[in-house]
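Numbered from 1 within each chain, the chains take letters A, B, ... in sequence-line order.
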2 protein chains.
Amino acid sequence: MVKRTSHQSADCLIARPLDAIGDWWSLLIVRDAFDGMRRFGEFQRSLGVAKNILSARLRNLVAHGILETVPAPDGSAHHEYVLTEKGRGLFYVLVALRQWGETYFSGPGEPYTFMVDTRTGRPIRRLEVHAEDGRRLVPGETRLADFRQQPD
Amino acid sequence: MVKRTSHQSADCLIARPLDAIGDWWSLLIVRDAFDGMRRFGEFQRSLGVAKNILSARLRNLVAHGILETVPAPDGSAHHEYVLTEKGRGLFYVLVALRQWGETYFSGPGEPYTFMVDTRTGRPIRRLEVHAEDGRRLVPGETRLADFRQQPD
DNA sequence: TCCATTCGGTTTCAACTTGAAACCATTGCG
DNA sequence: CGCAATGGTTTCAAGTTGAAACCGAATGGA
């Protein structure tokens with residue numbers, strides 16, 4: 001084994017993102033960041049992850065431009081980790097994952113949970129894929145593989 | 001180290017799905033499955049993954065009910081791997097990941113690529129999150145963390 | 001002042017996972 | 001029959017992960 005395979009230079013726009021976030025912890029860190037967590041200790045307590053692993057993951061997320069460090073507002077010597085715009089772009093990935101989880105990973109006997117509109121407290125709609133003209137598309141109607149074309 | 005941490009029993013509907021697909025290969029296998037691949041060899045050639053790893057991943061995806069094995073239609077002794085309904089539910093995760101990849105992982109100088117409506121060849125729309133009443137929601141307006149409530 | 005704690009990590013080291021390559025069992029075919 | 005292709009499993013070295021120990025810089029009390 002030379003090294004764990006990297007998808008970084010893969011010619012696939014699903015593989016490349018996975019190189020940045022495709023491990024067991026990164027998306028959970030991003031999720032916590034969406035929930036307002038910013039400090040090393042907050043992530044550590046929330047996730048229960050070993051500190052060396054968290055340290056490595058945060059470094060990787062910063063290196064990929066998903067999080068950035070900012071000086072702590074309380075004037076302490078430490079810094080905080082906040083989502084960049086690129087990081088906030090992961091929102092849809094998390095919503096998709098969450099809705100899939102709601103549907104297929106709710107334990108039997110567990111109360112059914114769902115994402116809610118914080119304004120009304122009502123469940124949000126399920127994600128849908130739409131064509132340019134507004135038609136709803138199902139899996140067979142769009143391809144996940146690359147399709148190269150110069151934008152006109 | 002006891003074992004790699006499992007999120008299987010985590011009380012979080014983002015963590016639990018990650019336990020099933022949160023490694024470097026599983027989502028790529030699912031992506032290929034959406035593109036019609038079914039045979040061990042097809043996945044192996046497409047991904048360039050070691051056979052033992054592919055074998056373990058396929059077994060895991062089957063165990064999680066994301067893929068299922070069906071007898072090969074050509075009457076050979078082998079079987080094929082096809083997406084279950086649960087597996088097809090990952091479509092939105094892949095679309096979200098792909099759109100994020102299109103936006104932030106297109107190499108400079110690379111032709112811009114995007115997912116297209118196979119009927120018209122035109123790009124599909126970006127995913128959006130909507131409230132029950134149709135209002136478009138941005139990250140702060142819905143929470144990824146669990147919110148438990150009995151559906152009425 | 002001085003000891004104790006918290007915060008944010010890094011280091012260490014054993015166990016576990018990954019990947020390349022070799023190996024193996026069936027079928028397919030000439 | 002001989003030989004290649006398919007679909008794996010086994011083996012083993014190297015890489016990754018995680019628990020725990022350690023560390024330095026700031027607080028925080030007594």
Side-chain angles (χ1 to χ4, degrees), chain A residues 1-10 15 18-29 32-33 36-64 67-82, chain B residues 1-10 15 18-29 32-33 36-64 67-82:
Chain A
M1 174 181 166
V2 185
K3 217 173 182 17
R4 186 181 54 217
T5 306
S6 166
H7 305 300
Q8 211 162 142
S9 54
L18 283 176
D19 207 67
I21 54 158
D23 64 276
W24 305 93
W25 291 113
S26 293
L27 270 183
L28 295 178
I29 294 170
D32 279 354
M37 291 188 195
R38 306 168 138 246
R39 303 290 288 247
F40 185 94
E42 287 184 293
F43 292 115
Q44 214 244 310
R45 275 187 299 279
S46 165
L47 300 173
V49 58
K51 297 204 292 180
N52 52 345
I53 303 296
L54 177 59
S55 181
R57 289 293 171 272
L58 287 171
R59 203 165 20 240
N60 185 58
L61 289 170
V62 169
H64 275 95
L67 295 177
E68 63 185 342
T69 55
V70 300
D74 60 1
S76 85
H78 302 302
H79 53 242
E80 304 193 328
Y81 298 90
V82 301
Chain B
M1 174 181 165
V2 185
K3 220 177 178 21
R4 186 184 49 218
T5 306
S6 165
H7 304 300
Q8 213 160 149
S9 55
L18 283 177
D19 208 67
I21 55 157
D23 66 275
W24 306 92
W25 292 113
S26 293
L27 271 183
L28 295 178
I29 293 170
D32 279 353
M37 292 187 194
R38 306 168 137 248
R39 305 292 288 247
F40 185 94
E42 287 183 294
F43 292 114
Q44 214 245 311
R45 274 187 299 280
S46 165
L47 300 174
V49 58
K51 297 204 291 180
N52 52 345
I53 303 295
L54 177 58
S55 181
R57 290 293 170 271
L58 287 172
R59 199 162 26 236
N60 184 59
L61 289 170
V62 169
H64 274 95
L67 294 177
E68 64 185 342
T69 53
V70 300
D74 60 1
S76 84
H78 302 303
H79 52 241
E80 304 193 329
Y81 299 91
V82 301

Measure the distance from [atom1] on [X] to [atom2] on [N] and round it to the nearest whole Å.
X	N	atom1	atom2	answer
A:Leu47	C:dG8	CG	C1'	16 Å
A:Arg38	C:dG8	CZ	C1'	17 Å
B:His79	D:dG7	NE2	C1'	8 Å
A:Arg39	D:dT27	CZ	P	10 Å
A:Phe40	D:dC23	CZ	C1'	14 Å

Side-chain touch B:Leu28/B:Val49, heavy atoms, less than 4.5 angstrom: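 Side chain of B:Leu28 against side chain of B:Val49, heavy atoms only: no contact under 4.5 Å found.
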Answer yes or no: is there a donor N or O on one side and an acceptor on the other, between the side chain of B:Glu42 and the main chain of B:Arg38, under 3.5 Å?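 Here the side-chain-to-backbone pair exists.
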Sidechain-backbone polar pair: B:Asn60 side chain, B:Ala20 backbone, donor-acceptor under 3.5 Å: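 Indeed, once roles are kept as given, a pair shorter than 3.5 Å links the two residues.
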Look at the side-chain N and O atoms of B:Trp25 and state whether any lies under 4.0 Å from the OP1 or OP2 oxygen of C:dG19.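 For B:Trp25, the contact criterion (side-chain N or O under 4.0 Å from OP1 or OP2 of C:dG19) is met.
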Hey, is the side chain of A:Thr5 poking within less than 4.0 Å of OP1 or OP2 on C:dT18, counting only N and O atoms?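 So the side-chain polar atoms of A:Thr5 never come under 4.0 Å of the phosphate oxygens OP1 or OP2 of C:dT18.
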Using the closest heavy atom to pick a nucleotide of DNA chain D for each, name whichever of A:Trp24 or A:His78 lands nearer the 5' end.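 Checking each residue's closest nucleotide, the 5'-ward one belongs to A:Trp24.
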How is B:Phe43 classified with respect to the nucleic acid when contacts are heavy atoms under 4.0 Å: base, sugar-phosphate, or nothing?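 Answer is nothing: B:Phe43 stays at 4.0 Å or more from every strand.
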For DNA chain D, which residues in residues 49-59 of chain A have a heavy atom at a distance below 4.0 Å?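 Result for residues 49-59 of chain A: A:Ala50, A:Asn52, A:Ile53, A:Arg57, sorted by number.
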